[in-house]
Asker: 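Shown below is the structure under consideration.
We number each residue from 1, following the sequence as shown. No hydrogens, no waters, no symmetry mates; every other heavy atom, side chains included, goes into these values.
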Amino acid sequence: MTTGKQTKDTDPNPRLTRRQRRADALRRQALSPVRILLMVLALPLTTGMIAIGVYLRVSDYERHEAVIHLVALAGCDAVEMLGFGPFREGRPGYHKRNDPDGDGVACGSFALQKPRNVAMPGDIQANPRNLQTPKQRTVGTAKFLKP
């Protein structure tokens, strides 16, 4: 006499049990401790990338200026490593905490340490014919001249 419940030995649908076994294997793999640990470790990186992307889109500065502003937020050591600076008050890259003497120039001591044989954009030495190059803005591969 049967009680209405079927055991695994008398299961009329072996395909269903194969599907169940596959689902159980996928469930175990999805909940593996290694995968959970990787997702937890990647969460701050993902959040930071989203925050930087949002800042670049909503910033009042152009994209390259906004990136310089973020680098300067990290401190004058980061600015020195990348070769930017000094930053004037009201311009991108100026942060009051990077201006210890309060003269309106952030990371100003770094500018004194630059070698003089390096030509900076806008220097008279870098442009011997004293021609002004127009500022350009790029979007993708297109270049736009600023008036």
Asker: Considering residues at least two apart in sequence or located in another chain, which fulfil the side-chain hydrogen bond (donor to acceptor under 3.5 Å, both in side chains) criterion with Asp99?
Answerer: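 If we apply the side-chain hydrogen bond (donor to acceptor under 3.5 Å, both in side chains) test to Asp99, skipping adjacent residues, the hits are Tyr94.
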Asker: Specify the closest pair of heavy atoms between Asp103 and Asp101, including all atoms of both residues, with the distance to one decimal.
Answerer: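 Asp103 and Asp101 have their closest heavy atoms at OD1-OD1, 3.0 Å.
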Asker: Should we say atom CE of Met39 is surrounded by more than 12 heavy atoms from elsewhere, each under 6.0 Å from it?
Answerer: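 More than 12 within 6.0 Å, yes.
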Asker: Are Phe87 and Asn98 packed together at the side-chain level, in the sense that at least one heavy-atom pair is separated by less than 4.5 angstrom?
Answerer: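 Counting from C-beta outward, Phe87 and Asn98 never come under 4.5 Å.
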Asker: Which residues pass the side chain to side chain contact (heavy atoms under 4.5 Å, CB included) test with Ile36, sequence neighbours left out?
Answerer: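 By the side chain to side chain contact (heavy atoms under 4.5 Å, CB included) rule, Ile36 matches Val40.
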Asker: Look up atom SG in Cys76 and atom NE2 in His95, then write down how far apart they are to the nearest 0.5 Å.
Answerer: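 Between atom SG of Cys76 and atom NE2 of His95 there are 9.5 Å.
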Asker: Has Ser32 got a side-chain atom pairing as donor or acceptor with Gln29's backbone, closer than 3.5 angstrom?
Answerer: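 Pair found, side chain donor or acceptor close to backbone of Gln29.
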Asker: With rounding to the nearest 0.5 Å, note down the distance linking OG in Ser59 to CD1 in Ile52.
Answerer: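 Those atoms lie 12.5 Å apart.
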Asker: Show the nearest heavy-atom pair for residues Ala66 and Leu56, with the distance to one decimal.
Answerer: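 Scanning both residues, the minimum pair turns out to be CB-CD2, 3.6 Å.
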Asker: Output all residues satisfying ring pair (Phe, Tyr, Trp, His ring centres under 6.0 Å) with Tyr61, sequence neighbours left out; order by chain, then residue number.
Answerer: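 Ring pair (Phe, Tyr, Trp, His ring centres under 6.0 Å) list for Tyr61, sorted by chain: His69.
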Asker: Measuring from Ile68:CD1 to Arg63:CZ, what's the distance to the nearest 0.5 Å?
Answerer: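 Here the rounded value is 13.5 Å.
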Asker: So, for Val105 and Pro86, which heavy atoms are closest and what is the spacing to 0.1 Å?
Answerer: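 Nearest heavy atoms, Val105 then Pro86: CG1-CB, 3.6 Å.
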Asker: Does Asp24 reach the side chain of Arg28, with side-chain heavy atoms less than 4.5 Å apart?
Answerer: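 They are in contact (side-chain heavy atoms under 4.5 Å apart), so the answer is yes.
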Asker: Rounded at 0.5 Å granularity, tell me how far CD1 in Ile50 sits from CG in Leu45.
Answerer: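 Reported to 0.5 Å precision, the distance equals 10.0 Å.
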